[in-house]
Amino acid sequence: MTADAAVDSSGNRDMHPDLAHPSGPARGGEPCRVCGGPISRTAHPTQRIRHVCGPPCNERLKRALKRAREKEKEASARLGHEVDPGRPRMILYEPHVEWTSPGGRGYAERLWFGVRGGYAFGLSTGMVMVGRTNSAGKRLSTHFKHCQNYGVTVHDVAVIASAGDLALLEQSLKWFIKSHPDADDDPSIMESAHGVPFADVVDFALRESLGDLWIPTHAVDGRSGANPG
């Protein structure tokens with residue numbers, strides 16, 4: 001795309017030049033690339049450059065571009081978290097002082113951006129929650145936001161990076177917390193349990209070599225079974 005194509009007929013520079021249609025600005029009557037409706041010859045110049053029929057489709061196109069960029073970034077980041085199933089690592093990190101704060105949620109997203117696998121976190125209520133995700137940073141950030149809304153403090157967080165079957169990984173974590181002798185919960189609620197020590201979840205992940213395990217530095221004392229990363 002040329003530099004000229006990034007400027008509309010009114011002389012305004014397009015903030016998203018990569019959304020321009022390769023065939024050039026619509027002259028009127030061409031189909032909208034989002035909904036298929038006709039593009040008016042009097043549509044805003046930027047909309048004609050992008051081949052969209054109006055503001056709603058223009059916004060949908062921008063959101064689609066944003067999602068595509070995020071997927072590309074996550075795919076690239078995932079390459080930096082490749083897991084060797086034969087040599088799981090134990091990766092230590094310094095926990096954030098307050099996970100549920102905006103800074104804590106942002107820290108989680110940056111720390112585990114592109115990490116695919118499972119997770120476990122312990123709450124001030126005595127509950128431990130586990131699950132699986134294709135994007136640990138985003139998933140945990142969402143969980144922590146919910147905790148903030150309910151006034152619950154996040155005490156401990158562990159993340160398991162895995163190249164294997166995430167459904168089986170999640171099933172293993174759920175089975176462990178629900179079958180733990182200290183678990184005090186309705187057995188039908190599979191993703192969480194009260195009374196299970198967070199350290200026991202960490203020991204289980206290490207013992208079973210579920211993948212690269214991210215644990216806080218204060219949780220490493222006496223742990224073994226994985227190679228520190």
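Side-chain rings of Tyr107 and Trp112 stay apart, their centers remaining 6.0 Å or farther from each other. Centroid-to-centroid, the aromatic rings of His146 and Tyr150 stay 6.0 Å apart or farther.
Looking at heavy atoms from C-beta onward, Ile215 lies in side-chain contact with Leu92 at the 4.5 angstrom threshold. Between Pro197 and Asp182 the shortest side-chain heavy-atom distance falls below 4.5 Å. The shortest side-chain heavy-atom distance between Leu123 and His155 does not fall under the 4.5 Å cut-off.
The backbone N or O of Ala161 sits nowhere less than 3.5 Å from a side-chain atom of Arg116 that would complete a donor-acceptor pair. The backbone N or O of Ala43 lies less than 3.5 Å from a partner atom in the side chain of Arg48, making a donor-acceptor pair. In this structure, the side chain of Ser209 does not engage the main chain of Ala205 through any donor-acceptor pair within 3.5 Å. A donor-acceptor pair under 3.5 Å links the side-chain atoms of Lys178 to the main chain of Ser192, judged by distance alone. Using a distance-only test at 3.5 Å, with no hydrogens or angles considered, a donor-acceptor pair links the side chain of Ser124 to the main chain of Thr153.
By the ring-ring contact (aromatic ring centres under 6.0 Å, His included) test, His143 is found to be paired with Tyr119, Phe121, residues two or more places apart in sequence or in another chain being considered.
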Under 3.5 Å, side-chain donor or acceptor atoms of residues 165-175 against the rest of the protein: list the pairs with distances, not counting sequence neighbours.
residue	atom	partner	partner atom	Å
Asp165	OD1	Ala167	N	2.8
Asp165	OD1	Leu168	N	3.3
Glu170	OE1	Arg132	NE	2.9
Ser172	OG	Leu168	O	3.0

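Hydrophobic clustering, with ILVMFWY side chains joined whenever heavy atoms are under 4.5 angstrom apart, keeps Ile39 apart from Ile49.
Classified by interplanar angle (parallel below 30°, tilted 30° to 60°, perpendicular above 60°), the ring pair Trp99/Phe144 is tilted.
Listed by first and then second residue, the side chain to side chain donor-acceptor pair (under 3.5 Å) pairs involving residues 21-36 are His21-Ser23 (not counting sequence neighbours).
In terms of heavy-atom proximity, Pro38 sits nearest to Cys53 at O-CB, 3.7 Å.
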Ser40/Thr42 under side chain to side chain donor-acceptor pair (under 3.5 Å): CA gap, chis, key distance, verdict: CA-CA 5 Å; Ser40 170; Thr42 60; 2.8 Å; yes
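Side chains of His218 and Asp156: a donor on one and an acceptor on the other come within 3.5 Å.
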